[in-house]
Amino acid sequence: MIPFGHSPTWSLSGVHSYCLLLLFALCLGGMSVPVAVKVRDTAIIPCYKTCNGDVLWALTTKNEKLDVLRCVQGRCTEGSSFKNRVHLSHEKINSGNLSLIMSPVLYNDEGWYEATCDLELLCKFHLEVFVPTTVSVSVSGNVTLPCYARTEKTIADDSVNILWNKDDQMVLQVQKGHTKYGSGFTERASVSLHHYKDGDLSLNILGVTTSDKGLYRCYHNTDEEHGYPSAVSLIVTAHQKLCVKKFGDNLTLDLFGSDSVTVTFTGSDTEEIQVCNVTGNNTTCSLDYNNRVSVMNHSLVLRGLTSSDGGTFTVKDNMGEVISINTVTVEGVARNRSFVALLAFPFLVLLFIGLFLWCKYHRKSQVPENRSYYNARESIVVIESSQRESAYIGVPQQETNPNMSGDLEDYPGLPVEETMPVILTTEKQDNIAEE
Ligand SMILES: *[C@@H]1O[C@H](CO)[C@@H](O)[C@H](O)[C@H]1NC(C)=O
Ligand SMILES: *[C@@H]1O[C@H](CO)[C@@H](O)[C@H](O)[C@H]1NC(C)=O
Ligand SMILES: *[C@@H]1O[C@H](CO)[C@@H](O)[C@H](O)[C@H]1NC(C)=O
Ligand SMILES: *[C@@H]1O[C@H](CO)[C@@H](O)[C@H](O)[C@H]1NC(C)=O
């Protein structure tokens with residue numbers, strides 16, 4: 001459930017947060033502000049100072065004080081608990097940047113980090129390591145991100161302070177009885193003040209879009225007191241749909257309220273091709289689809305399905321994120337065609353055999369032998385009315401007409417359905433040879 005490994009988005013927000021931290025540091029005259037990092041990610045502990053002596057980064061936790069990185073005469077050595085996990089962001093210690101980079105961050109790396117230059121304190125930061133809870137929801141669904149805190153049960157509404165951030169951007173802030181919303185969250189995000197008094201700061205988001213995915217954190221009282229869980233990772237998933245359609249049916253693709261989408265098609269052995277771009281009610285479609293599509297109440301309708309529409313229609317939003325995957329099977333003409341072909345094939349084979357036998361007997365009947373002629377006629381009737389039993393043609397003749405036995409005794413395997421055509425071909429060649 002917990003996504004491990006380095007996430008590239010965090011590096012960006014890491015950069016973002018250290019810019020903020022830098023501002024804070026300037027405002028607060030070097031006072032410490034926490035650096036929060038997801039376990040296994042990369043932490044940048046900022047320190048924009050120059051040192052012309054020896055630098056030491058040290059960690060103080062509740063119970064321990066450890067060397068993290070010690071640089072003597074420009075040569076840095078990691079502390080034993082930080083082997084191959086830490087380095088300075090700049091090699092030169094007099095470059096004005098002594099920031100410490102740590103990757104991956106372990107859960108017990110939390111604590112106070114201090115940089116000193118020849119024992120003089122330069123920087124001090126608190127690193128907070130969190131394990132996010134994962135919540136997933138499909139596009140356009142509603143979701144609740146959990147957060148609990150030890151709040152005051154009798155607090156006045158206008159004293160409530162709540163802050164929800166997503167990737168370090170504000171989602172919602174309740175302060176002095178007012179609620180402010182981050183961009184894109186107005187009317188969509190909410191917390192209940194009533195539940196706040198029960199210790200529940202959970203965030204509700206309506207009509208989730210793919211851009212809502214990310215790391216959410218909640219705070220109360222001051223911006224530094226976080227709730228539990230201290231972070232929620234929201235995953236937004238695509239809708240999956242299987243559609244079984246009949247030849248000529250219309251296909252309706254739900255666009256899930258998105259203003260701007262791209263629809264693509266992937267056949268069973270074709271590359272993904274563009275079907276349409278849809279913006280509001282306007283569509284821009286490729287030639288093959290132009291006359292077959294329309295937009296109706298947030299759905300794209302594709303008319304008159306044929307067997308070549310069997311495959312996958314993917315709906316993507318304007319960020320290229322997948323909203324829905326529709327796997328379409330078109331039943332009808334194509335399948336019937338192959339079904340008919342399957343039935344017709346043995347029938348045709350047997351018809352040929354019948355005709356061949358008929359020709360052969362007909363030829364023999366010219367040597368005056370009327371009875372065999374009529375029998376041959378009868379056996380053709382058998383062939384046409386009952387395909388399976390027709391494999392036994394010839395046998396009755398063999399019994400009823402001793403004159404014919406010479407030909408058939410050469411093939412003792414009879415009746416054998418599948419080898420019949422081959423046998424008869426050979427026989428025909430024999431006959432030709434006889435002539
Ligand atoms: C989401 O919540 C809104 C408002 O409460 C409701 O109208 C809508 O049906 C909900 N959607 C889903 C998928 O439950
Ligand atoms: C497909 O849509 C067209 C136009 O909207 C409609 O006339 C037709 O009846 C529909 N076909 C089916 C099979 O629903
Ligand atoms: C799309 O068309 C419907 C009716 O066909 C109309 O009610 C709606 O306002 C249109 N939307 C836009 C964005 O043009
Ligand atoms: C879509 O719009 C049609 C009228 O254009 C309406 O009859 C139908 O109920 C609507 N479907 C949905 C799911 O809203």
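When a ligand or atom number is given, it counts from 1 through the structure's own listing order. Residue numbers run from 1 in the order of the sequence given.
Ring-centre distance between His298 and Phe256: not below the 6.0 Å cut-off.
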Q: Start with the C-alpha gap between Asn165 and Tyr219, add the side-chain angles, then the distance that decides, and say whether side chain to side chain contact (heavy atoms under 4.5 Å, CB included) holds.
A: CA-CA 8 Å; Asn165 276 352; Tyr219 304 88; 4.2 Å; yes
Q: Given side chain to side chain donor-acceptor pair (under 3.5 Å), test Ser95 with Asn97 step by step and report yes or no.
A: CA-CA 6 Å; Ser95 65; Asn97 187 351; over 6 Å; no
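For the pair Asn250 and ligand 2, the shortest N or O to N or O distance falls below 3.5 Å. Considering backbone and side-chain N/O atoms, Asn142 comes within less than 3.5 Å of an N/O atom of ligand 1.
Counting only heavy atoms, the protein gets under 4.0 Å from atom 14 (O) of ligand 1. Distance check on atom 2 (O) of ligand 1: some protein heavy atom falls below the 4.0 Å cut-off. Distance screen at 4.0 Å: atom 11 (N) of ligand 1 has a protein heavy-atom neighbour inside the cut-off.
When each of Arg292, Arg303, Lys245 is checked for a salt bridge (charged side-chain N to carboxylate O under 4.0 Å, His left out) with Asp309, only Arg292 meets the rule. Across Asn204, Val174, Asp200, a single residue satisfies side-chain contact (heavy atoms from CB on, under 4.5 Å) together with Val191, and that is Val174.
Near Leu206, meaning under 4.0 Å from one of its heavy atoms, ligand 1 places the atoms 2 (O). Each of the atoms 2 (O), 3 (C), 4 (C) of ligand 2 lies under 4.0 Å from some heavy atom of Arg303.
Taking a cutoff of 4.0 Å between a charged side-chain nitrogen and a carboxylate oxygen, Glu272 and Lys316 qualify as a salt bridge.
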